[in-house]
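The structure presented is a predicted model; accordingly, all values stated were derived computationally and were not measured.
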Amino acid sequence: MANKEALRELQQRLADRLQMVRQQAPARSWLAVEIAGHGFLLSLDQAGEIFPLSPIQPVPHSQGWFLGVANLRGQLHGVVDMAAFLGLPQRQTRNLAEVAARDAGRLIAFNSGLQMNAALLIDRLMGLRNASALTPAEDTGGAPKPHFIGQQLNDAQGRTWYELDLASLVADEAFLKIDV
């Protein structure tokens, strides 16, 4: 009889914990990257695999920010220089081999759920960030941001991070237009 009661109590505790987890909002987590000295946050459910800088085959008559195509795990991905696409100051070097030699450049593929075979060239991986460690930054009323740049957040060290919504980016008309 005591075993049945203990089992019922265990089941009730488990049911209560499951209900509590369902009611809590899931914590957002991001992959933090640096692009041209600026911090960006890529949602973990939108970012795909991280690749070392691979050989990129240029595509003639394409936008300056479209670097070409790279073979990533047997699939061709368009490679976008996010600094150039966003109009940020260019890197000190445009020589991709030199960037790779410094172990700085990386390619971040889009999650397959976004149905876009593309990868973003970023300067540095900065680790993972959790929503609990970031606070919304005050809007300074600066230049308008593109619709795919979400909220601005600050970390405990005072660094500013910009949320980069990859789902909105793949729907952006300028992003989809790679030819000149």
Side-chain angles (χ1 to χ4, degrees), residues 29-73 75-111 114 116-129 134 137 139-155 157-180:
S29 294
W30 294 281
L31 175 63
V33 300
E34 190 173 89
I35 301 170
H38 297 275
F40 288 92
L41 301 170
L42 309 177
S43 176
L44 289 180
D45 62 348
Q46 294 178 353
E49 193 169 349
I50 301 167
F51 295 95
L53 200 54
S54 302
I56 299 171
Q57 298 302 311
V59 174
H61 310 293
S62 62
Q63 298 285 350
W65 48 263
F66 187 76
L67 297 175
V69 276
N71 182 348
L72 305 175
R73 288 205 194 275
Q75 290 186 331
L76 292 179
H77 285 69
V79 178
V80 174
D81 181 345
M82 274 310 289
F85 181 77
L86 293 170
L88 298 173
Q90 296 299 309
R91 296 176 178 75
Q92 294 294 332
T93 177
R94 296 293 297 163
N95 182 344
L96 296 179
E98 190 177 316
V99 172
R102 288 193 323 244
D103 194 32
R106 294 277 192 270
L107 299 175
I108 310 255
F110 286 69
N111 185 300
L114 296 176
M116 171 72 69
N117 274 10
L120 305 178
L121 175 65
I122 58 113
D123 296 329
R124 284 186 0 173
L125 292 171
M126 302 296 287
L128 298 175
R129 299 294 186 273
L134 300 166
D139 187 6
T140 58
K145 298 181 296 196
H147 67 94
F148 49 83
I149 301 290
Q151 62 182 331
Q152 185 176 333
L153 302 162
N154 290 331
D155 62 17
Q157 291 76 33
R159 174 134 193 206
T160 300
W161 298 92
Y162 299 93
E163 187 177 9
L164 180 57
D165 184 355
L166 298 180
S168 294
L169 180 63
V170 299
D172 185 74
E173 194 174 309
F175 187 78
L176 296 173
K177 184 177 175 6
I178 64 165
D179 60 334
V180 180

Audit row: Leu42, Val33, side-chain contact (heavy atoms from CB on, under 4.5 Å) steps and yes/no: CA-CA 8 Å; Leu42 309 177; Val33 300; 4.2 Å; yes
Check against side chain to side chain donor-acceptor pair (under 3.5 Å), Gln63 and Asp179: CA-CA 6 Å; Gln63 298 285 350; Asp179 60 334; 5.6 Å; no
Derivation of the side chain to side chain donor-acceptor pair (under 3.5 Å) call for Asn154 and Thr160: CA-CA 5 Å; Asn154 290 331; Thr160 300; 3.1 Å; yes
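Under the 30°/60° scheme for interplanar angles, the aromatic rings of Phe175 and Phe85 are found to stand perpendicular.
Residues passing the side chain to side chain donor-acceptor pair (under 3.5 Å) test with Glu49 are Arg73, sequence neighbours excluded.
Taken from CD1 in Ile108 to CD1 in Ile50, the straight-line distance is 4.5 Å, to the nearest 0.5 Å. For the atom pair Arg106 CZ and Phe51 CZ, the distance stands at 12.0 Å (nearest 0.5 Å). Between the CZ atom in Phe40 and the CE atom in Met126 there is a gap of 12.5 Å [rounded to 0.5 Å]. Here Asp165 contributes atom CG and Phe148 contributes atom CZ; the two are 10.0 Å apart, rounded to the nearest 0.5 Å. Between atom CG of residue Leu120 and atom CG of residue Leu107 there is a gap of 8.5 Å, rounded to the nearest 0.5 Å. Taken to the nearest 0.5 Å, the OG atom of Ser29 stands 10.0 Å off from the CG atom of Leu134.
Minimum interatomic distance between Ala70 and Val79 (heavy atoms only, all atoms of both residues): CB-CG2, 3.8 Å. Of all non-hydrogen atoms in Ala32 and Trp161, the two that sit nearest each other are CB-CZ3, 3.6 Å. In terms of heavy-atom proximity, Val170 sits nearest to Leu176 at O-CD2, 3.2 Å. Closest approach of Ile56 to Leu67, counting heavy atoms only: CG2-O, 3.5 Å. The two atoms that bring Ala119 and Leu72 nearest to each other are CB-CD1, 4.0 Å, heavy atoms only. Taking all atoms of both residues into account, the shortest heavy-atom contact from Pro89 to Ala36 is O-CB, 3.4 Å.
Of the possible polar contacts, one joining the His77 side chain to the Gln75 backbone as a donor-acceptor pair under 3.5 Å is found. Side chain of Ser43 to main chain of Leu41: no donor-acceptor pair is present (N/O by atom type, distance under 3.5 Å, no hydrogens or angles). A donor-acceptor pair is defined here as one N or O able to donate and one able to accept, closer than 3.5 Å; such a pair exists between the side chain of Asn111 and the backbone of Asp45. Gln46 places a side-chain N or O within donor-acceptor distance of the main-chain N or O of Leu166, the cut-off being under 3.5 Å.
You'll find the side chain of Val80 reaches within 4.5 Å of the side chain of Trp65, heavy atoms only. Counting heavy atoms from C-beta on, the side chains of His38 and Leu88 come closer than 4.5 Å. With contacts defined as side-chain heavy-atom distances shorter than 4.5 Å, the pair Leu164/Ile149 qualifies. At least one side-chain heavy atom of Arg159 sits less than 4.5 Å from a side-chain heavy atom of Glu34. In this structure, Leu169 and Met82 have side chains that are in contact, with non-hydrogen atoms separated by less than 4.5 Å.
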